[in-house]
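Working notes for the structure below.
Just so it is clear, the values below take in all heavy atoms, side chains as well, and ignore hydrogens, waters and symmetry mates. Here is how names work: the chains are called A, B, and so on, in the same order as the sequence lines, proteins then strands, and each is numbered from 1.
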Amino acid sequence: MLRFHNTLSGQLEEFRPLREGEVKFYFCGPTVWDYAHIGNFRSIGVFGDTLRRYLKFKGYRVTHVMNVTDVDDRIIERSQQAGLSLNDYTAKYIDALWEDFDALGCERPDIVPRATDHIPEMVALIDRLTEGGHAYRSDDSIYFRITSFPDYGKLSKINFAGNIAGASERIDTDKYDKEDARDFALWKSARSPDEAAWDAHIGRGRPGWHIECSAMSMKYLGETFDIHAGGIDLVFPHHENEIAQSEAATGKPFARYWLHAEHLKVEGETMSKSKGNYFTFRDLVGRGFDPVAIRYALLSVPFRKQLNFTLDDLRGHEKTVVSLRDFRARLIEARTEPGTNPVMRAAAARALEEFESGLDDDLNTSVALAAIHNLKREVNKALDSCEMYEDDRVDILNLIARFDSVLNIFGMPERGLLDAEIQTLIDERQEARRRRDFARADEVRDQLLARGIILEDTRDGVRWKRRGA
RNA sequence: GGCGGCGUAGCCAAGUGGUAAGGCAGAGGUCUGCAAAACCUUUAUUCGUCAGUUCGAUUCUGACCGCCGCCUCCA
């Protein structure tokens, strides 16, 4: 039984979609003002992807929407500094986002709406709010009236009385006039003629941050949908405000399950540019780290726990990932006798049970990975002692494919065509070994190693692989 | 000040009211011409500290210490 921790209730709940067999989920995507860092990818990349893939594994038809926020204060400021239009400025980061998604092995969401393509939908939603008395105009901007939504705070459980006292220096710094410090902008009037703005009957301006997600999620998923997810920092104010806007406008529950991924730390500290521990995904790939190992790192701790990301561990994960690839390659290549071994059957069944019950428990990826490692050990042992038969081999390869349909950590099936030159050298070494000319055999092996080719002498012949693959 | 999370072996970590998954690193071994890979053994009498509840707590409660996050546009 699949369960999620729902931020709304603060509890682990059984997941039941609105419509049997079908899940509609919205993931709060990135603001494309810079390259996304590994923390972003823990959330919008691997968390969203695992959720999507596991729902499919469970047999659901999934509609996965992830927005791209391509207008906000920072983007406007930076694009002006760069002398570029909004679109020209964000295009670079959007392209990079998909490159990184692909390299990280994340499936792309089914629908990726951009804020700037949905201004009319946002204006229409603002109109609904205004008509319902939930919005008001001040200084040519439009604000949401929080006193008109009694449930405000139900997601974040924020206690405003105690809250405002201690954090007062950070509150109410807005330059606009609002009825209540908690009210937030739905539409911001253009302050200067050259800043990005849209003409609408409510005035020339741009949308507030929160309204885009309400407008776009409801457009693609309906006024009530199953899952809304994102990083934990979005709980307040972003998601709290989305709920207020959406439910005030429609009078219906907005999203039913709210899932949030914790942040990661780097070497035990908050990741920040000033601390010098700030990594974008492409930085790490550029430094030679295996993208699959990065994915493994992001999967190694359940999403609702803070993850301590360290380069030492990443090096360890690279080895782990290689051993998983080797494991599958060995199974693909093994020559087995016909038949089956009940012990292997049982091991496979146990692995599937552990994998699924782990992920059923609020996507506990640590448990799912442990199930795979335990299976790997049992299978390797059986292969060592010839207790693996053809039916087992095929079953387990299929099982690995199922596991990998969720986690995607076994990497691409390597081994394209054998490089003829490499094969010639391997043959020459085998001939030398037959002559017991080990000096020559080692020389060939070293020669190949120098070119990044690692040889392994196995019972089923010589295997070779590229270093790091 | 308000709200939330965390503190488990050298490192990253899962987890449970009944006696500690998994990965990496280390040590020894099997296999091998030697390697590599794989496998085996080994590495926490113990889960931040101190009390309490209980037949029994790492797991529940309280206090304390330490760390992290959110508190108006940050994944």
Lys/Arg-Asp/Glu bridge criterion (N-O < 4.0 Å) met for A:Arg315, A:Asp312 | yes

For B:rA20, the nucleotide meeting Watson-Crick or G-U wobble distances (both under 3.5 Å) is none

Taking atom CZ of A:Arg204 as the centre, report whether more than 12 heavy atoms of other residues, nucleotides or ligands fall under 6.0 Å from it.
-> yes

No-H, no-angle donor-acceptor pair, A:Arg445 side chain to B:rC34 base, under 3.5 Å | yes

Checking all strands, does A:Arg74 fall into the base, sugar-phosphate, or nothing category for heavy-atom contacts under 4.0 angstrom?
-> sugar-phosphate

Within the structure, does a side-chain N or O atom of A:Arg182 lie under 4.0 Å from either OP1 or OP2 of B:rC71?
-> no

Would you mind reading off the distance between A:Glu354 atom CD and B:rG23 atom P, rounded to a whole angstrom?
-> 12 Å

G-U wobble or Watson-Crick pairing nucleotide for B:rU45 (cut-off 3.5 Å, both distances) | none

Examine the base of B:rC34 for any acceptor or donor lying under 3.5 Å from a partner atom in the side chain of A:Asp457, and report the outcome as yes or no.
-> yes

Has the side chain of A:Glu240 got a donor or acceptor atom that lies under 3.5 Å from a matching backbone atom of A:Lys154?
-> yes

Would you indicate what A:His263 reaches in the nucleic acid, counting non-hydrogen atoms under 4.0 angstrom: base, sugar-phosphate, or nothing?
-> base

Considering only the C1' atoms, how many Å lie between B:rG22 and B:rC74, rounded to the nearest integer?
-> 33 Å

Partner of B:rU32 under the Watson-Crick or G-U wobble criteria, both distances under 3.5 Å, comes out as none

Reckon A:Lys319 has a side-chain N or O less than 4.0 Å from the OP1 or OP2 of B:rG23?
-> no

Hunt down the Watson-Crick or G-U wobble partner of B:rG52, both distances under 3.5 Å, from any strand shown, or write none.
-> B:rC60

Ignoring backbone atoms, establish whether A:Lys305 has a side-chain N or O less than 4.0 Å from OP1 or OP2 of B:rG15.
-> yes

A:Lys465 NZ to B:rA36 C1', in whole Å, measures 8 Å

Could you give the distance separating B:rC39 and B:rC24 at their P atoms, to the nearest angstrom?
-> 9 Å

Give a yes/no on whether any side-chain N or O of A:Asn308 is located under 4.0 angstrom from OP1 or OP2 of B:rC11.
-> no

With no angle test and no hydrogens, is the base of B:rG15 tied to the side chain of A:Asn364 by a donor-acceptor pair under 3.5 Å?
-> no

C1' gap between B:rA13 and B:rG52, integer Å | 30 Å

Sub-4.5 Å side-chain heavy-atom contact between A:Met271 and A:Ile38 = yes

Answer yes or no: is there a donor N or O on one side and an acceptor on the other, between the side chain of A:Arg393 and the main chain of A:Leu331, under 3.5 Å?
-> yes

Under the 3.5 Å rule, do the base of B:rC73 and the side chain of A:Lys188 count as making a donor-acceptor pair?
-> yes

